[in-house]
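A note on names: the letters A, B, ... follow the listed sequences, proteins ahead of strands, and every chain is numbered from 1.
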Amino acid sequence: MKNKKTIIFLSASLLLFVIVFFLALMVGRYSISIGNFFKALFTNDPHFQTDRSVIITLRIPRTIVAGLTGIALSLSGLLYQETFQNKLTSPDLLGVSNGAGVGAALAIVIGLSSAFISVLAFAVGILTVMTTVLIAKFFRNGSSTILLLSGIIVGGLMSSLLSLIKYFAGNEVKLASITYWLMGSFANAKMETVYILLPIVAVSTIFLLSISWRINIVALGREEAQTKGINYTLYRYLIIGIATLLTASTVAFSGTISWIGLVIPHIVRLIAGRNTRKTIPLCITFGGIFMIVVDILSRTFTSEEIPLSAVTGLFGTIIFVIILFLKRRDYHEH
Amino acid sequence: MSINIKNLCFSYGRKFDPVLKNVNFSISDNTITVLLGLNGCGKTTLIKAIAGLFNNITGEISYNDTLLSSLSIRERSKLVAYVPQKISGIDDVKVEDYLTYGMVNSLKFYQTPSQSEKQKTIDMANKFHIEHLIHKNMSELSGGERQIVSLVSSLLQNTKIILLDEPTSALDLKNQSLVLSILKEISKRENKTIILSSHNPNHALFLECNVALMNEGKILKFGPANKIINVEDLRCIYGDNVCLSKDLPYTEISFV
């Protein structure tokens, strides 16, 4: 029965993804009607030059980046939650977001261009996760708990470093830029961003889909997975590596975006149960839709753009309360 | 054809006392062996060591002259299946999905169970009368049902050796009898070598099998249950309160 339910939800969400994607190209502070949208895209009429320019140079890259970011963060959240057997973990668990924040803040303070902000954010994000893994290795204890604690330690350190950088930023414009970056935005999305992000998200997603059944067995924990014939350590690091790559690459371009990596996996599990063969495809469509809708809202209702994390936080908490209400029987005291 | 364990030692860390101290014994094919002993005597650790869950053991565990440590994780999983005392990470996992996980060692990394393999799962569920459970979530099952599902999943792994860590620990009398009867049947009909740990010497007598009496990380005695299980030896381990049921001031209830 759940198979049918998954197929229905997947088909419906795929259709909705397409609708929301095209809606995002038309809606905004500069609104474009459906008629003008098609004329702008499929004719050379010079009257629609502005519409064409808004759609092609601004909205298409921005919406693709929003969709890819939604997919990447939802998948990372799901992967972390399954691998660590903890439904409350999110993609920044091992310190990737805090690390990327430090990298970006450093680049802003130095006065680097937006491309270098992304490069530094990505590099420091990845380095932070590597430090987390190295510290866990230092304890010679392969348990997930040590890795989680190590993530909290390194994440905490990065958050202190970020405070120091903000304190010494000296210049109010730079301080505002750091704060704005940390709240997430797709305002700087360009086609170049798509060219970098698309292959990373596409290859990671295809690989994850190919091992999706095995991720279920990894999620049973070391003892069960290993005695059933899965190289648990290899798979765990592979999954952490992909989740980190997905998070770091999106955070580098769009800043930190909270809640989505926590909320979307919960919604899809509510529909499909705990089977990554079903939840990974659903995370792709639901994550993409959620992020595109959040982006539309963030850039439509006020004259200034509302930071993404403010919108995701608002929606995330409401959705999470609904999920908790629906699943309240599963969270009883033992 | 047997499992041979020679000079097996293990500790959970350099600063910890050894849990297994020079364990030596052999287990013949198609037999059941029950590990008996106090809490902390090393039963679970011995089972996990045979399952290959520790990297830092000293000594040898071999099957027909093949060292288990020389096998890859995948090769080892084709020889030895392990049923833990408590399965973790299974809430919201469907029974039919969980059962198929036992087949992962025969599939390539990108493959999923085929229709015929799924049919094999259903056939096995029918054989052990759990067909009514396959569409349920694992979290909906009782302790006994969960143990049987876990056992069936290990059978789908199609290994010669099955290790079970206290398979009856959370079960009522009816389910204890059911699980032990299934083990007895599997060993005879499917020619499996089964090693399980238990806190109840009656289980070994019920299974008419071999017993390894463990104390402080060592095998104190090994042999057929009807010879090993006697009041004197059990008192050495469990204390002076151990007595035969005929000497009890009340009638003991057990299962047949």
Side-chain angles (χ1 to χ4, degrees), chain A residues 1-6 81-87 139-144 206-235 238 265-266 268-279 327 329-332 334, chain B residues 12-14 44 47-48 50-56 71-94 96-98 100-113 135-139 150 153-154 156-159 161-163 165:
Chain A
M1 200 188 103
K2 245 177 179 163
N3 246 339
K4 245 186 204 169
K5 197 174 161 188
T6 308
Q81 286 170 21
E82 295 297 343
T83 312
F84 290 100
Q85 296 184 318
N86 185 342
K87 288 178 186 172
F139 289 116
R140 291 167 192 269
N141 177 330
S143 79
S144 295
I206 291 166
F207 181 70
L208 287 174
L209 283 169
S210 72
I211 62 160
S212 59
W213 184 66
R214 287 181 169 233
I215 297 173
N216 286 318
I217 304 166
V218 175
L220 296 175
R222 180 187 294 277
E223 286 187 3
E224 277 245 55
Q226 197 158 307
T227 51
K228 286 189 188 316
I230 292 265
N231 188 336
Y232 179 80
T233 310
L234 175 76
Y235 269 89
L238 200 62
H266 274 83
V268 300
R269 262 199 299 268
L270 212 58
I271 296 164
R274 202 156 158 217
N275 183 343
T276 35
R277 275 196 84 191
K278 297 171 186 172
T279 49
K327 297 280 282 180
R329 282 193 184 86
D330 294 352
Y331 297 105
H332 50 73
H334 287 285
Chain B
Y12 282 97
R14 268 181 285 175
T44 298
I47 283 184
K48 286 185 178 178
I50 302 170
L53 291 168
F54 305 127
N55 296 324
N56 51 338
L71 301 175
S72 68
I73 289 172
R74 192 179 156 98
E75 286 167 341
R76 197 163 178 150
S77 74
K78 288 180 178 174
L79 180 67
V80 185
Y82 166 71
V83 181
Q85 193 175 348
K86 202 179 166 204
I87 319 162
S88 62
I90 44 148
D91 49 325
D92 291 340
V93 174
K94 271 171 85 177
E96 59 179 341
D97 290 331
Y98 182 77
T100 59
Y101 298 161
M103 300 175 176
V104 67
N105 62 7
S106 58
L107 300 170
K108 291 200 169 69
F109 87 93
Y110 52 86
Q111 281 181 319
T112 54
H135 296 302
K136 285 190 176 182
N137 275 346
M138 288 291 282
S139 53
S150 187
S153 177
S154 72
L156 284 159
Q157 205 171 320
N158 200 20
T159 58
I161 304 160
I162 301 177
L163 308 167
D165 187 14

Most contact-rich option vs chain B, by heavy-atom pairs under 4.5 angstrom, among A:Gln85, A:Glu224, A:Lys228, is A:Lys228
Tell me, for A:Asn275 versus chain B, whether the close heavy atoms (under 4.5 Å) come from the side chain, the backbone, both or neither. side chain
Quick one: are A:Arg214 and B:Val104 in side-chain contact, heavy atoms under 4.5 Å? yes
Considering all heavy atoms of both residues, which atom of B:Leu107 and which atom of A:Trp213 are nearest to each other, and what is their separation? CD1-CZ3, 3.6 Å
Tell me, for B:Lys48 versus chain A, whether the close heavy atoms (under 4.5 Å) come from the side chain, the backbone, both or neither. side chain
Which pair of non-hydrogen atoms, one from A:Gly229 and one from B:Ser77, has the smallest distance, and what is that distance? CA-OG, 3.2 Å
Set of side-chain hydrogen bond (donor to acceptor under 3.5 Å, both in side chains) partners for B:Thr44, sequence neighbours left out: B:Asp165
Supply the atom-to-atom distance A:Lys278 NZ to B:Lys94 NZ, rounded to the nearest 0.5 angstrom. 5.0 Å
Which bit of B:Leu163 is near chain A, if near means a heavy-atom gap under 4.5 Å: side chain, backbone, both or neither? neither
B:Arg74, part contacting chain A, at a heavy-atom distance under 4.5 Å: both
Does any heavy atom of chain A fall under 4.5 Å from the side chain of B:Glu75, the backbone, both, or neither of them? neither
How far does CG of A:Asn216 sit from OG1 of B:Thr100, to the nearest 0.5 angstrom? 8.5 Å
Contacts of type ring-ring contact (aromatic ring centres under 6.0 Å, His included), residue B:Tyr98, not counting sequence neighbours: none
Taking all non-hydrogen atoms of both residues into account, name the closest pair between A:Gln226 and B:Gly52 and its distance. NE2-O, 3.4 Å
Please examine the side chains of A:Thr227 and B:Val80, heavy atoms only from C-beta on, and report whether any two atoms are closer than 4.5 Å. no
When the 4.5 angstrom heavy-atom criterion is applied to A:Ile230 and chain B, the contacting part is both
Residue among B:Tyr82, B:Tyr101, B:Tyr110 with most heavy-atom pairs under 4.5 Å to chain A: B:Tyr101
